[in-house]
Amino acid sequence: MNNGVLENTRNIGFIAHIDAGKTTVTERVLYFAGRIYKIGGVDEGTTAMDWMAQERERGITITSAATTCSWKQYEVNIIDTPGHVDFTAEVERSLRILDGGVVVFDAVAGVQPQSETVWRQADKYNVPRICFINKMDRVGASFFRAIDSIAHRLDANPVAIQIPIGEEDEFRGVIDLVDEKAIFYDEEGPVVPREGPVPEEMIEDFRNYRAALVEKVAETDDDLIIKYLEDDEITTEEIKGALRKATLEYKIVPVLCGTALRHRGIQPLLDAIGDYLPSPLDVPPTEGHFYRTEEPASRHPEDPDSGFAALAFKTVSDPYIGRLVYFRVYSGNAKSGSMVFNATKGRRERLGRLVQMHANRREEIEEVTAGQIVAAVGLKETTTGDTICGSPDDAVVLETITFPDPVVSVAIEPRSRGDQDKLSDSLVSLSDEDPTFKVNYDGETGQTIISGMGELHLDIIVDRIKREFSVEANVGRPRVSYRETVGAPARAEGRFVRQTGGHGQYGHVWMEIEPLERGGGIQFENKITGGAIPQEFISSVEGGARDALKTGPLSGFPVVDAKMTLVDGSYHEVDSSKMSFQIAGSMAAKSLVTRGKPVMLEPVMKLEVVTPGEFLGDVLGDLGRRRAQITNIEGEGDIQSARAVIPLAESFGYANALRSLTQGRASYTMEFDNYVEVPRELVEVV
């Protein structure tokens with residue numbers, strides 16, 4: 001693909017809190033760009049992007065859907081992501097491979113809990129973004145209050161490049177502060193808006209907000225700040241150029257507004273995507289290391305010497321053509337049917353048919369080039385996070401994608417013996433698609449345990465097993481994924497000695513353990529001096545110790561947030577082996593945790609409840625009974641918002657309880673926060 005085409009390519013995603021209107025915005029974008037010819041609705045289950053049966057029934061996005069469209073000279077590749085926290089992995093993997101993002105906010109609610117989560121994810125991957133304040137026609141909508149919430153709650157620098165003409169049911173258009181014109185929507189329906197001069201009654205507002213825009217943009221550009229201070233005229237082209245540069249450097253977040261449901265504000269949003277979001281040429285090279293040497297490496301579409309390199313970010317089981325692997329190409333090109341090299345796994349594979357996706361519909365293509373997001377059939381060994389290259393000689397391993405650990409588990413079993421194999425196949429297929437869905441077999445109870453990010457996540461999984469794989473299954477009660485850690489430093493010995501006539505076994509270690517801060521994981525440090533243990537046995541000690549910490553002494557849950565240090569030991573010239581030191585390391589680690597005053601940890605969730613004021617007392621009383629800690633209560637008018645942290649174990653069934661307490665008028669959102677110590681009186685219960 002030549003640079004002229006790449007310069008006009010935009011790889012973007014729509015990200016937001018659940019129910020902010022991402023899918024509706026995406027649907028209108030595709031309609032006005034000519035990609036679809038009939039507008040669907042989320043409530044009716046007829047949108048192009050929400051194609052799964054579960055999405056259409058529930059009116060929410062569950063899986064990220066990819067599509068492509070054209071607007072003016074731009075080729076726009078779009079990913080519509082879920083807003084529900086249970087499907088946060090879909091947002092994570094999408095942001096890893098996108099160049100820019102459109103963050104959608106509700107004009108009434110402003111920044112909501114999941115808005116903060118996706119904003120942090122975009123920060124993590126350095127994704128430039130623009131904001132779209134949606135639902136400007138709702139009662140209680142306020143464009144400027146929403147901007148204030150972006151500035152305060154997200155610590156961002158939002159800059160309005162539009163202001164609304166009217167709000168709530170009076171919303172009838174926007175004023176473009178950059179191009180100095182008004183855009184009117186005189187009719188209902190998907191019509192071309194009318195452009196005209198700024199209405200007389202809004203001239204003063206227009207001048208004030210344009211002056212604020214020019215000042216903020218000038219602050220980011222050395223040349224413009226001089227012109228601004230000397231009162232020289234700054235042209236529209238200079239403002240656009242500086243605004244684009246500031247957006248790409250994360251200094252400014254341009255803000256637009258509209259109401260997607262009534263088709264208003266979509267065309268200017270498409271213009272802004274082209275004007276201010278990056279092309280593949282504008283983003284820094286993606287980092288990794290060479291496959292053969294482990295030396296740092298990078299890939300950029302402009303580098304003519306770089307071979308084919310792509311990152312797989314999603315796998316899907318398609319009922320018609322089999323397993324599909326979605327990937328983003330960072331350099332080079334590849335043709336359908338060619339051989340490629342999986343640098344993560346060190347295996348060769350054939351790149352079968354290449355397809356451009358439009359939600360669940362496919363268009364076959366012959367070749368894929370840098371900057372494109374496509375899917376391929378035939379990559380049997382490739383999974384999420386793998387790097388695909390042209391050949392081993394110039395292969396690189398790109399930075400992979402990290403996902404949060406599951407927090408909720410249930411036992412699952414087929415209703416009939418004949419479905420046993422079908423259930424196993426379905427679980428393998430679904431865990432291949434979803435990195436946050438885990439399957440384990442509990443040898444003690446003989447149960448198959450499935451784990452996910454929340455109740456809804458596991459509900460969807462079980463529903464898919466029934467519909468897509470025709471397997472009826474029984475599911476147990478949700479079970480919390482607890483953790484264990486040590487409460488105090490400890491020192492212990494691991495000694496494994498066996499003598500059986502001939503060649504024996506000898507492994508001897510002394511190790512220490514100390515607690516780490518939450519989220520510290522498991523660390524291992526080698527402090528052996530003087531060759532007390534040969535270097536070739538150190539990795540075996542570490543491997544045995546880490547394996548031992550997969551089951552803690554209190555309840556069998558994994559041990560986390562601890563640092564183990566190997567401080568001393570001894571070996572035998574003949575009898576010592578890797579196996580003997582692995583067992584010695586395991587024995588020492590088990591003893592360390594037992595001596596280190598083990599404690600249990602439970603996952604706690606961040607909860608936000610929005611309720612009419614008359615029910616606030618009942619809601620807070622119920623949260624108190626659930627061991628929740630209230631962190632903040634704020635409100636506007638009759639609507640009150642309570643924030644709390646609540647143990648996951650106490651949150652099961654909360655949706656039904658809240659509905660009955662508030663006559664169905666309250667709503668809530670919940671997301672994982674961290675692990676905290678279980679109160680001592682509850683350890684025995686757990």
Side-chain angles (χ1 to χ4, degrees), residues 3-4 6-12 71-74 76 98-103 105 119 122-123 125-133 143-144 146-148 150-151 154-164 174-183 195 198 203 205-258 265 267-285 300 302:
N3 282 358
L6 267 180
E7 190 179 332
N8 290 327
T9 298
R10 300 289 182 269
N11 293 317
I12 64 141
W71 177 254
K72 298 182 177 175
Q73 75 269 35
Y74 299 109
V76 186
L98 290 172
D99 299 328
V102 178
V103 191
F105 296 94
W119 195 273
D123 283 341
Y125 293 111
N126 296 323
V127 176
R129 65 216 81 146
I130 61 178
C131 297
F132 182 72
I133 310 296
F143 178 68
F144 302 106
I147 287 184
D148 286 343
I150 294 170
L154 301 178
D155 197 24
N157 184 21
V159 176
I161 61 173
Q162 294 177 347
I163 57 173
V174 296
I175 295 174
D176 188 325
L177 299 177
V178 180
D179 287 324
E180 302 182 82
K181 64 183 180 183
I183 302 170
E195 295 184 1
V198 176
I203 287 289
D205 283 346
F206 162 70
R207 287 176 180 156
N208 291 339
Y209 285 107
R210 179 173 165 83
L213 165 67
V214 172
E215 181 182 356
K216 283 203 171 186
V217 171
E219 287 173 356
T220 67
D221 188 283
D222 293 341
D223 294 332
L224 283 193
I225 195 67
I226 294 171
K227 293 185 76 172
Y228 178 77
L229 293 173
E230 294 177 352
D231 280 336
D232 289 348
E233 185 185 351
I234 298 176
T235 66
T236 298
E237 283 67 33
E238 287 175 321
I239 293 173
K240 279 191 175 180
L243 185 55
R244 175 180 176 78
K245 184 170 177 285
T247 304
L248 300 188
E249 293 173 352
Y250 324 112
K251 294 177 180 176
I252 277 179
V253 184
V255 184
L256 304 91
C257 63
Q267 294 95 333
L269 174 63
L270 276 162
D271 289 336
I273 288 170
D275 288 340
Y276 306 119
L277 289 182
S279 75
L281 300 176
D282 296 318
V283 295
H300 195 267
E302 273 189 304

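Taking CD1 of Ile175 as the reference point, atom CD1 of Ile203 lies at 7.5 Å (rounded to 0.5 Å). To the nearest 0.5 Å, the span separating CD on Glu249 from CG on Asp221 amounts to 9.0 Å. To the nearest 0.5 angstrom, Leu256 atom CG is 4.0 Å from Gln162 atom CD. Going from atom CG of Leu229 over to atom CG of Leu224 covers 10.5 Å, rounded to the nearest 0.5 Å. Atom CG of residue Asp99 and atom CD1 of residue Ile12 lie 10.5 Å apart, to the nearest 0.5 angstrom.
The side-chain contact (heavy atoms from CB on, under 4.5 Å) test applied to Asn157 returns Val159, Lys216, Ile252, not counting sequence neighbours. Applying the side-chain contact (heavy atoms from CB on, under 4.5 Å) test to Val214 and every residue at least two apart in sequence or in another chain returns Arg210, Tyr228, Ile234, Ile239. Scored by the ring pair (Phe, Tyr, Trp, His ring centres under 6.0 Å) test, Tyr209 finds Phe144 as partners (sequence neighbours excluded). Residues satisfying the side-chain contact (heavy atoms from CB on, under 4.5 Å) criterion with Tyr250, sequence neighbours excluded, are Asn126, Pro128. With sequence neighbours excluded, the residues that form a side chain to side chain donor-acceptor pair (under 3.5 Å) with Asp282 are Arg244, Ser279.
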Practice problem: Please step through side chain to side chain contact (heavy atoms under 4.5 Å, CB included) for the pair Ile150 and Val253, ending with a clear verdict. | Solution: CA-CA 10 Å; Ile150 294 170; Val253 184; 5.8 Å; no

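Using a 4.5 Å heavy-atom threshold, the side chains of Thr220 and Lys245 count as separate. With contacts defined as side-chain heavy-atom distances shorter than 4.5 Å, the pair Pro268/Asp176 does not qualify. At least one side-chain heavy atom of Phe143 sits less than 4.5 Å from a side-chain heavy atom of Val255.
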Donor-acceptor pairs under 3.5 Å, side chain of residues 269-277 to any protein atom, not counting sequence neighbours: which ones?
| from | atom 1 | to | atom 2 | distance (Å) |
| --- | --- | --- | --- | --- |
| Asp271 | OD1 | Trp71 | NE1 | 2.8 |
| Asp271 | OD1 | Lys72 | NZ | 2.9 |

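Scanning both residues, Gly101 and Val127, for their nearest heavy atoms gives N-CG1, 3.6 Å. In plain terms, the two heavy atoms of Gly100 and Pro278 that are nearest each other are CA-CD, 4.2 Å. Minimum heavy-atom separation, Glu7 to Leu281: N-CD1, 3.9 Å. Across Val283 and His300, no two heavy atoms sit closer than the pair O-NE2, 3.2 Å. Of all non-hydrogen atoms in Cys131 and Phe105, the two that sit nearest each other are SG-CE1, 3.6 Å.
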